[in-house]
Amino acid sequence: MVKFGKFITKHKLFILILGVLLIIPSMIGMVKTRVNYDVLSYLPDSLETVSGQDIMVDEFGMGAFSMVIVENMDNKDVVALKEKLEKVDHVEKIIWYDSVADISLPTDMLPNELKEALFNGDATMMIALFDNTTSSEDTMQAVTDMRNMVKDQAFISGMSGIVTDIKNLVQAELPVYIVIAGILALIVLLITMESIVTPVLFLLCIGLAILYNMGTNIFLGQISYITQALTAVLQLGVTMDYSIFLLESYQANKVRFDNKIRFEGDKERAMAHAISNTFKSVVGSSITTVAGFAALCFMTFALGRDLGIVMAKGVIIGVIVCITLLPSLILFFDKWIDKTTHRAIFPNFHKSSAFITRHRVIPLLIFAILFVPAFYGNNHVKVYYNLDQGLPQDLDSAIANKKLEEKFNMNNMHILLLKNGLSSKEKNDMKNEIEKIDGVKWVLGMNSIVGANVPDDMIPNKYKDMLKSDNWELQFICSDYKTATDQVNAQIASINDIVKKYSKDSMVIGEAPLTKDLQDVTDVDLATVNYLSIGAIFLIILLTFKSISLPVILVSVIEFAIFLNMSFPYYSGIELPFVASIVIGTIQLGATVDYAILMTTRYHKERVVNQKTKKEAVEIAHKTSMKSIIISGLSFFAVTFGVSAYSSIDMINAICTLLSRGAVISTISVILILPAMLYLFDKVICKTTWDMRKINY
């Protein structure tokens, strides 16, 4: 790697020019990469609820719907508004009173189901059907155009409205996330570094690495809004260490080769060796982080794969930039770095380290006392799956959904995709059974319009075109229950049982059925991801140290930190969004186990190479690594805490809150508990570690 380092230093100007030129394709790639704002679209295609969405598009030319609530408006004005809305691009059709009868017909003469569905006091409801899926750009633009058209005259509810609001929020807040994370990271670096220039160079390089990462996402086609919002923050927090490693190694090699660095060649020689040393350290460190993110790729819920691929790629790009572009920048600005060097502000913590290692029994007692309640809290933390629960309540979609509940006592609309082939009597019997299920207000279908006794071949074409295709028939089921509740899940199961009894190919789809499947899928994913990440990192540590005991100790310390972190929301009564509960353990383990590896590597070296006693080895390892661990933890905390304090989207807020708190808890756990563990289990470590077997303990 020294030869590679010499190549980098020799061609530093070329590398700087290349780094600048790569900004252009990266910007193009970032702009061209589509952002998906609908997390339900990441469910597996094999699910019936997902395939049903495709059938809706293929058979009826529509893939999403919204309820439009109108208040204090005459029927003729409602018709005029409906006609205007139907002219909006990608609005396939709007179902209302005049879709089945002339408005001159008194509403009292309508079938009861139809009247109850569309009218209540001074309010009426229309169902807007879109020609594309819930999260498509076409549907979101249609919702925006409809809102601009109706203004205060009507309220547009439904999942499409929620997704549109999420898009608007993310686009407004994302630049602020990056600015906050950058400013807080700069503050941490200015405090911990001994030059004013190096923090700027670090942020510049990491910023370019983030840009390259975001640009290469074009090969994925699209990324989720959660991935888009978190990538810059996580990549900044996770890869900051690599820059610090390089600078420290460069400074050490400058002293090693020539205390005064008289010639440019001496600096380049020092940097070449620094690149070699950094590559070895950073590759070992980054492998565990990549493994943590890679574990997310094994989730059935494809959002995990989305975040896992982008972040693993980001770490790899961060390593490449650290050993190519950053050395070139440091050499280019070396004189400015020297000119702006000042006395260290950040302490070395040697006295604190001595105190901690001297009183090592206390952290072990704390570990023993807190482990069980932390484990219990981690396993019993409550999560929610309702996608609009974590959004501000003053959004248009939230106001519209409240209006829907207030005026029509409606919290959900299920869609029944009924396979053709049932007789009118069978459809009517099925409808009657469904309406007896708790929480079902009404079922609206062809029978509701023309009556149960009218044969299919006598139904007018205008009704068939609206609710029937060559293979399927649509029915709408109104539910009193909110999405992601036990009541609605039980209701959906009961409806499915009845539907399958009459037609095994028919299906119930919509937001609530999709969310029910989301809950089932992610419950399995949580266990899978945790086991995979622990197993992968355990194996990496085992191969690194050629030890059986060290992986157990290191993973146990970080897992304890994760348990403690996750127990906070449980004991404070806070519900977490489902995504946070799945990804936090994997990310915290992959990102912070490096702290434990850093200290253990030095302990191992002191025991094997320098033949120190266990007490001396632990004390030296702790004293030399404590400052680096605190800087790493502080950097990770700063960039995630700022976003958590600002974001109004709970799914992003919760993840960043857990990560910022997790960085602090992991840092404290490694500093306090790990040295005590290494000391306590030194004999076991020596017996179970390949090159420590002959140590006289």
message: Any carboxylate oxygen within less than 4.0 angstrom of a Lys/Arg side-chain nitrogen, looking at K167 and E137?
response: yes
task: For Y502, look at atom OH and say whether over 12 heavy atoms of other residues, nucleotides or ligands are found less than 6.0 Å away.
output: yes
- prompt: Take atom CG in D486; do more than 12 heavy atoms of anything else shown fall under 6.0 Å from it?
  reply: no
message: For R147, is the CZ atom crowded, meaning more than 12 foreign heavy atoms sit under 6.0 Å from it?
response: yes
message: For the residue pair N36 / S224, report whether a side-chain donor-acceptor contact shorter than 3.5 Å exists.
response: no
field: Ring centers of Y376, Y570 separated by less than 6.0 Å
entry: yes
task: Using a 4.5 Å cut-off on heavy atoms from C-beta on, say whether the side chain of K403 contacts that of E71.
output: yes
- prompt: Between D38 and M159, is any pair of side-chain heavy atoms under 4.5 Å apart?
  reply: yes
query: Does a sphere of radius 6.0 Å around NZ in K382 hold more than 12 heavy atoms from other residues, nucleotides or ligands, not counting ones at 6.0 Å or beyond?
result: no
message: Around atom OH of Y571, are there more than 12 heavy atoms from other residues, nucleotides or ligands closer than 6.0 Å?
response: yes
task: Kindly give the heavy-atom pair with the smallest separation between G161 and V143, and that separation in Å.
output: CA-CG1, 4.1 Å
Worked verdict on E86 versus E92 for side-chain contact (heavy atoms from CB on, under 4.5 Å): CA-CA 7 Å; E86 284 181 323; E92 177 68 18; over 6 Å; no
field: Plane angle bin for Y37 and Y225 - parallel if under 30°, tilted between 30 and 60°, otherwise perpendicular
entry: parallel
task: Using only heavy-atom distances, determine whether the side chains of Q389 and D650 contain a donor-acceptor pair under 3.5 Å.
output: no
task: Could you check if a side-chain atom of V91 sits within less than 4.5 angstrom of a side-chain atom of L85, using non-hydrogen atoms only?
output: no
- request: Taking the side chain as every heavy atom from C-beta outward, state whether V521 and L47 have any atom pair closer than 4.5 Å.
  value: yes
field: Pair F641 and Y646, ring centroids less than 6.0 Å apart
entry: no
- request: Report yes or no: does T124 contribute a side-chain atom to a donor-acceptor pair with the main-chain N or O of V70 at less than 3.5 Å?
  value: no
query: When you check the side-chain N and O atoms of Q141 and D145, is any donor under 3.5 Å from an acceptor?
result: yes
message: Can you tell me if F298 has over 12 outside heavy atoms packed within less than 6.0 Å of its CZ?
response: no
- request: Taking the side chain as every heavy atom from C-beta outward, state whether F578 and L526 have any atom pair closer than 4.5 Å.
  value: no
query: Taking C-beta and beyond as the side chain, do S479 and Q491 meet within less than 4.5 Å on heavy atoms?
result: yes
message: Is the shortest side-chain heavy-atom distance between V440 and D480 below 4.5 Å?
response: no
message: With heavy-atom distances below 4.5 Å as the criterion, would you say the side chains of Q475 and L444 are in contact?
response: no
- request: Answer yes if the side chains of K516 and N489 hold a donor-acceptor pair under 3.5 Å, and no otherwise.
  value: no
query: Between S648 and N653, do the side chains contain an N or O donor and an N or O acceptor separated by less than 3.5 Å?
result: no
query: Does the side chain of D517 come under 3.5 Å of the side chain of T49 through a donor N or O and an acceptor N or O?
result: yes
